[in-house]
Structure formats: C-alpha cells, structure tokens
Amino acid sequence: MTIGYACLTVGVHDATFRTCRKDRATTETLARLIKSNLASLNNIFDYNIKQNIELFRISSDIIPFGSHPVNPLRWWDLFRDELTALGEKTRRHNMRLSMHPGQYTVLNSPREDVVQRAKEDLAYHTQFLDALGLDRRHKIVLHIGGAYGDKSAAIERFIKNYHELDDNIKDRLVIENDDKIFNIHDVLLIGSEADIPVIYDNLHNQVNPYDDRADAQWIEEASKTWRTKDGRQKVHYSQQHPDKKTGSHSETIDLGAFLTFYNAFPNTDVDIMLEVKDKNLSAVKCINAAERHHIKYLEQEWAKYKYLVLEHSPQNYQSIRNLLKDKAAYPVVAFYQLIDEALQTVPEIGHIINAGQHVWGYFKKSCDAQTKKRFEKTVERVRAGGTALPMKKLLLKEAQRNNEIYLLDSLYFKDVI
DNA sequence: CGTGGTCAAGGGCCG
DNA sequence: CGGCCCTTGACCACG
C-alpha cells in the first residue's frame with residue numbers, strides 16, 4: 001500500500017510549474033519552460049524520496065501545450081537526458097507515477113474532431129510516461145466524458161473509441177467514476193466489458209452515487225478489474241470542503257475520517273491517491289497515521305510546522321510541545337488535530353510579529369545594520385495592519401544567505417517560496 | 001518593487 | 001446563449 005498526492009507541492013523549493021499563453025508560445029519559450037518544469041519535477045521527486053512518498057501524479061502541464069499544434073517541439077528528443085534520469089530515479093526509488101488529463105479530454109464525444117484531439121492528448125500523456133521508460137503500472141486516468149442525452153449510447157461510443165487506441169495507450173489507460181454523470185456502477189460495467197482497470201473515487205461516489213453501498217464494497221468490486229501487469233489497484237480519496245460547493249476538495253485531510261475509510265478494507269492492498277489542497281502535506285500526514293508508529297516522525301513534522309503554528313496559535317504551539325514530551329507514545333491523530341486547528345485560526349497581528357521575531361532570532365546577531373533596519377520596517381508594516389509577506393520574504397532571503405537548512409525546510413515560508 | 005485584478009487551451013452541461 | 005466548472009501562473013496596471 002502506498003499513499004500519494006497529485007501534481008503540485010506545498011512548501012517545496014524550486015518546484016513550481018510554468019506555462020505561457022498560447023499567443024506567446026514560441027519554440028524558444030516552450031523549450032525554456034519545459035526545461036524549468038523538468039527541473040521542478042526532479043526536485044519534487046527528491047522531496048518525495050526524502051519523505052518516502054512513492055505515489056505521485058504528474059501534472060499534464062509538465063509540457064506546456066503538449067498535445068497542441070502550437071508546440072511542435074520534439075521534447076522527448078530534446079530533453080532525453082533529463083527524462084531518462086527522471087525515469088531511472090523513479091525506478092530506483094520504487095515510485096509509481098500517473099497522469100490525469102482534464103475535463104476537456106473527451107474520448108466519447110459525438111464530434112469527430114473532439115475525439116481526435118482526445119486521442120492526441122492521450123498519446124501525449126503516454127509519450128511522456130514512455131519517455132521516462134516506465135512500465136504499464138504507471139497509469140493515465142481518464143473520465144468517461146459526456147452523456148449527450150443518451151448515456152448508453154455514450155458508453156458504447158466510449159468503448160468503441162477506446163478500442164481504436166494504440167496498444168501502448170490502452171496499456172496505460174484506467175477509468176474513474178465522475179461527480180456528475182458516470183457513477184461507479186457505470187464505470188465498472190465499462191471496465192469489465194472493455195477490460196479496463198477502474199479507479200474508485202470516494203467523493204465522486206458520495207456526490208454521484210449508484211446506491212448506498214459503502215466505499216469498501218466498491219473498492220472490492222473495482223479490484224476485480226485490476227490485473228497483475230497493471231500493478232496494485234488504485235483509488236482516489238478526498239473529502240468535501242465544508243463551505244465550498246458539493247464536490248470541492250477539502251483544504252487538508254481530516255485523519256479521523258481518513259482512518260475510518262482506510263480501516264474498512266484491511267485485506268485489500270491498494271494505492272491511495274489523495275486529492276486535497278494541501279497536497280504533499282496531507283500525504284505525509286496520512287502516511288504517518290497509517291504506516292508509522294514512532295514519535296520521531298512527528299518530531300520531524302513538528303520541525304517543519306512549528307513556526308507556522310506559532311504564527312497562527314501560540315496556544316496550540318504549547319499544546320503540541322507538551323504532547324510530544326512522551327517519547328514512548330505516538331499521538332498522531334491529536335498531533336495533527338492541533339496543527340489543523342491552528343492553521344484554521346486567522347493569525348493575530350501580535351502572533352505574526354512574534355513568529356517573525358522567533359525566526360529573526362537566527363540572524364539578528366550576524367546581519368548588517370541595513371538588513372536589521374529593513375526587517376524592522378517590515379515588522380512595522382505588519383503592525384499597521386499590512387501583509388506579512390514582505391517580512392517573510394526578507395526572512396527567507398536571510399535563511400538562504402545563511403543556508404539555515406532547518407529554516408529553509410520550514411512551512412513558515414510556504415507562501416513566499 | 002510589491003501587489004491586486006484579470007485572463008487563459010480544452011468541452012459539456014445547465015438555466 | 002452565457003456562465004460555470006477548476007486552477008495557478010502570467011501579465012499588466014498602479015501606488
């Protein structure tokens with residue numbers, strides 16, 4: 001079993017993905033963006049390896065306009081060295097990758113041109129994973145598409161168009177239930193009919209259910225569509241955002257609900273892809289809750305969270321310090337509950353300044369007078385009700401100048417890196 | 001220089 | 001037919 005996350009990271013340095021607007025896409029610009037994005041992907045891999053996260057979804061934007069004629073680059077040749085190295089790293093560290101074309105890739109459209117573009121888009125995604133030299137356990141996840149007023153005709157069209165795909169695409173393709181049209185029952189029918197592995201998505205099923213069957217039962221059903229050559233069964237897990245509209249992903253994973261979900265299928269070995277706004281942070285959280293039982297993992301987490309928690313809630317900061325005193329215990333749920341609660345709290349101006357001054361303590365002896373003056377100016381801005389970003393940017397710069405690894409890894413800087 | 005506002009490839013659905 | 005889905009990065013205008 002592995003737990004992973006999708007596409008983007010929080011608090012990881014040099015791990016952003018760049019793109020451009022179509023009207024500005026020259027080959028020079030595109031090549032520069034691809035090079036930068038592959039470097040970011042490499043940094044994300046390094047982070048994942050360090051955190052023992054073995055499941056990751058690569059953003060479709062990794063190659064800007066990867067399946068659009070505006071991008072004529074033979075990127076798989078131009079960046080062969082980088083791609084090969086990324087693939088070797090993936091295999092060496094037993095990572096499993098996937099990709100997930102968006103809602104605009106519609107294989108079952110009645111419009112021939114739309115189907116054609118969908119095929120080209122699937123070919124692009126396949127080519128990317130092929131360029132890394134990865135086997136077919138590394139999947140491409142697709143939704144079924146539209147209904148067009150006749151669901152069974154739409155399903156037939158999906159199956160027909162699926163069979164027209166090249167074998168190397170079909171080997172990677174898996175299908176997922178969606179939140180509006182094709183529920184898990186529909187997708188399982190398609191999967192067993194056309195021999196396509198099925199990903200069960202719990203939130204989509206909650207929003208667009210077939211009947212009242214529990215998650216574990218659908219996971220058991222979906223497991224029958226996975227063959228050995230496809231690798232471990234995969235599922236998607238997410239939670240409803242409390243305030244946003246139905247189907248919106250939560251900010252972070254609530255461990256209580258996650259563990260209830262997780263413990264409901266103790267005998268089924270699955271890979272769980274989390275879909276959640278705080279990305280890698282929830283992946284580490286869930287891995288710590290599901291797989292680990294030593295206080296050192298919570299201490300490692302605390303090193304990253306502490307200044308951010310201090311900024312939001314000095315009370316919770318103290319509570320967590322007390323919680324971690326017993327080195328024989330493993331209070332993982334309580335630990336993250338205190339962190340989540342703190343991060344939901346809007347920070348007071350005094351707490352923002354206090355946390356900033358804690359971090360400033362690393363530099364105040366060694367820095368020059370001008371830096372000190374500038375820091376004090378940013379603090380005054382916060383005190384006057386202004387944003388904390390300039391203060392944090394200055395502190396980050398100082399951390400980089402002094403190469404303070406402990407601080408550079410801190411989530412305190414997650415919004416300014 | 002920092003920041004706040006607006007736009008962006010793609011297709012389908014709904015009111 | 002227009003708005004919405006879903007998002008963050010790019011870009012521009014402004015102080």
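Throughout, protein chains are lettered first and strands after them, A, B, ... in sequence-line order, and every chain is numbered starting at 1.
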Hey, what's the ring geometry for A/H143 with A/H100, parallel, tilted or perpendicular (30° and 60° as the breaks)? tilted

Any ion pair linking A/E164 and A/K160 (charged N to carboxylate O, less than 4.0 Å)? yes

With sugar-phosphate meaning primed atoms plus P, OP1 and OP2, does A/G146 contact a base, only sugar-phosphate, or nothing at under 4.0 Å between heavy atoms? sugar-phosphate

Winner on side-chain proximity to A/V114, out of C/dC11, B/dG12, B/dA9, is B/dG12

Does OP1 or OP2 of B/dA9 have a side-chain N or O of A/S67 closer than 4.0 Å? no

Please report the distance, rounded to the nearest Å, between CZ in A/R374 and P in B/dG2. 10 Å

Measuring only the P atom in each nucleotide, how far is B/dT6 from C/dG3? A whole number of Å is fine. 15 Å

Could you tell me the separation between the NE2 atom of A/H241 and the C1' atom of C/dC5, rounded to a whole number of Å? 16 Å

For the side chain of A/K245, counting heavy atoms from C-beta on, which of B/dC13, B/dA9, C/dC6 is nearest? C/dC6

Could A/R157 and A/Y148 be counted as a cation-pi pair, given that NZ or CZ must be under 6.0 Å from the ring centre and within 45° of the axis? yes

What nucleic acid atoms does A/T105 come within less than 4.0 Å of, heavy atoms only: base, sugar-phosphate, or nothing? nothing

C1' atom, B/dG12 versus C/dT8: distance in rounded Å? 23 Å

Classify the ring geometry between A/W218 and A/H185 as parallel (under 30°), tilted (30 to 60°) or perpendicular (over 60°). perpendicular

Can you tell me the distance, in whole Å, between the CG atom of A/D179 and the C1' atom of B/dG12? 12 Å

Look at A/D230 together with A/K139 and state whether they make a salt bridge at an N to O cut-off of under 4.0 Å. yes

Considering only the P atoms, how many Å lie between B/dC7 and C/dC4, rounded to the nearest integer? 13 Å

Within the 4.0 Å heavy-atom criterion, would you say A/D121 contacts the bases, only the backbone, or no part of the nucleic acid? nothing

If you measure from the P atom in C/dG2 to the same atom in B/dA8, how many Å do you get, rounded? 15 Å

Of A/H68 and A/G145, the one whose closest nucleotide on DNA chain B sits nearer the 5' end is A/H68

Of A/K393 and A/G149, the one whose closest nucleotide on DNA chain B sits nearer the 5' end is A/K393

Under 4.0 angstrom, heavy atoms only, what part of the nucleic acid is A/T387 near: base, sugar-phosphate, or nothing? sugar-phosphate

In terms of ring plane angle, is the pair A/F65 and A/H68 parallel, tilted or perpendicular, where the classes change at 30° and 60°? perpendicular

Per atom distances to the A/I181 side chain, the nearest of B/dC13, C/dT8, C/dG9 is B/dC13

Whole-Å distance separating the CG atom of A/L142 from the P atom of B/dG12: 13 Å

To the nearest Å, how far apart are A/D278 CG and C/dT7 C1'? 16 Å

Is there a donor and acceptor pair closer than 3.5 Å between the side chain of A/R21 and the base of B/dC7? yes

What nucleotide among B/dG12, B/dG10, C/dT8 has an atom nearest to a side-chain atom of A/K22? B/dG10

Could you tell me how the ring of A/Y307 sits relative to the ring of A/Y412: parallel (under 30°), tilted (30 to 60°) or perpendicular (over 60°)? perpendicular

Send over the distance from A/R117 CZ to B/dA9 P, rounded to a whole Å. 13 Å

Ring geometry between A/Y406 and A/Y362 (parallel below 30°, tilted from 30 to 60°, perpendicular above 60°): parallel

Rounded to the nearest angstrom, tell me the gap between atom CG in A/D178 and atom P in C/dC5. 17 Å

Can you tell if the side chain of A/S250 reaches within under 4.5 Å of the side chain of A/Q240, non-hydrogen atoms only? no

With respect to the side chain of A/Q103, which nucleotide from B/dG12, C/dC11, C/dC6 is positioned closest? C/dC6

P-based separation of C/dA10 from B/dG11 [nearest Å]: 23 Å

At 4.0 Å (heavy atoms only), tell me whether A/P390 reaches a base, stays on the sugar-phosphate, or touches nothing. sugar-phosphate

Within the pair A/Y148 and B/dG12, is there a side-chain N or O less than 4.0 Å away from OP1 or OP2? yes

For DNA chain B, please output the secondary structure as dot-bracket, reading 5' to 3'. Pairs are Watson-Crick or G-U wobble, both atom distances under 3.5 Å; mark crossing pairs with [ ], other-strand partners with |, unpaired with a dot. ||||||||..|||||

5'-most by nearest nucleotide on DNA chain C - A/K180 or A/K277: A/K180

Among C/dG9, B/dG2, B/dA9, which is the nearest nucleotide to the side chain of A/R18? C/dG9

Under 4.0 Å, heavy atoms only, any strand: does A/A118 hit a base, just the sugar-phosphate, or nothing? nothing

Sort out for me which residue in A/K89, A/M95, A/E88 forms a side-chain contact (heavy atoms from CB on, under 4.5 Å) with A/R91. A/E88

Could you state the atom-to-atom distance from NZ of A/K392 to P of B/dG2 in whole Å? 16 Å

